[in-house]
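Everything below concerns the one structure shown next.
Along the sequence shown, the residues carry numbers beginning at 1. In this text, all values refer to a predicted model and were calculated from it rather than measured experimentally.
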Amino acid sequence: VGLLGLPNAGKSTLLSAVSEARPKIADYPFTTLHPQLGVVRVENQRSFVMADIPGLIEGASEGVGLGIRFLKHLARTRILLHLVDIAPMDPDADPVAGVKTIAQELKKFSPELAQRERWLVINKIDLLPEDERAARGQALVKALKWKGPVFQVSAAAGFGCRELMGRLMVRLETLRQEEVAAAAEVQDVPPRGDASDA
């Protein structure tokens, strides 16, 4: 699972909350300079690797900021978690525009990667009044016309993280089973020129 989002979206905080990884965490952009990996253990025999990819900015597909070398790490993932800060400290920050910017960078870098399964994780909901959380989340999803899974979490407080990790584990297991089944089907197809074709 790859973590995707603008700088300060809370990717490192989420990784440290759900795994033994201890990435550097601070309230300034580009705290993470190298991809950080953590093993998320859902149960004793069930786990997956999560990768905290340094925050992307506009122009990343052309090498701006930390650039292409970090986009390449996302190509190794099965599922992308797109974290968005629902309560940015900057009053001029637009969470919707931020999500769209990263989606555009993914598409420029790799159309295939842009089609990768992507879940929207609305982070830092603990910074919103409880009675505003649902409405703010729904407004974001509506503005983005988001069709995939959506989760509201607070990585710092741990709220919603366990449920998210459990759902990810189930989905990854399903994807693995589908890959195994597809590989088995390919092996059952006789090669061209085989005697059975005659």
Exercise. Minimum heavy-atom separation for Ile102 to Leu6, with atom names?
Worked result: CD1-N, 3.2 Å
Exercise. Do Leu4 and Val84 belong to the same hydrophobic cluster, where Ile, Leu, Val, Met, Phe, Trp and Tyr are linked whenever their side-chain heavy atoms lie under 4.5 Å apart, directly or via other members?
Worked result: no
Problem set entry | All pairs passing ring pair (Phe, Tyr, Trp, His ring centres under 6.0 Å) where residues 113-145 contributes a residue, at least two apart | Trp119-Phe151
Exercise. Going by heavy atoms in the side chains, are Leu14 and Leu3 under 4.5 Å from each other?
Worked result: yes
Exercise. Can you check whether Arg46 reaches Glu173 side chain to side chain, under 4.5 Å on heavy atoms?
Worked result: yes
Exercise. Quick one: does Leu106's side chain get under 4.5 Å of Leu80's, heavy atoms only?
Worked result: yes
Exercise. Is it true that Glu20 and Arg41 have a side-chain N and a carboxylate O under 4.0 angstrom from each other?
Worked result: no
Exercise. Does a salt bridge link Asp85 with Lys124, judged by any charged N lying under 4.0 Å from a carboxylate O?
Worked result: yes
Side-chain atoms of residues 158-172: list all donor-acceptor pairs with protein atoms under 3.5 Å, sequence neighbours left out, distances to 0.1 Å.
from, atom 1, to, atom 2, distance (Å)
Arg171, NE, Glu117, OE1, 3.1
Arg171, NE, Glu117, OE2, 2.9
Arg171, NH2, Glu117, OE1, 2.9

Problem set entry | Residue among Val39, Ile79, Val42 satisfying side chain to side chain contact (heavy atoms under 4.5 Å, CB included) with Phe48 | Val42
Problem set entry | Met50 side chain near Leu37 side chain, heavy-atom distance below 4.5 Å | no
Problem set entry | Minimal non-hydrogen separation, Ile122 against Gly137, with atom names | CD1-CA, 3.8 Å
Exercise. Are Arg133 and Ile86 close enough that some pair of their side-chain heavy atoms sits under 4.5 Å apart?
Worked result: no
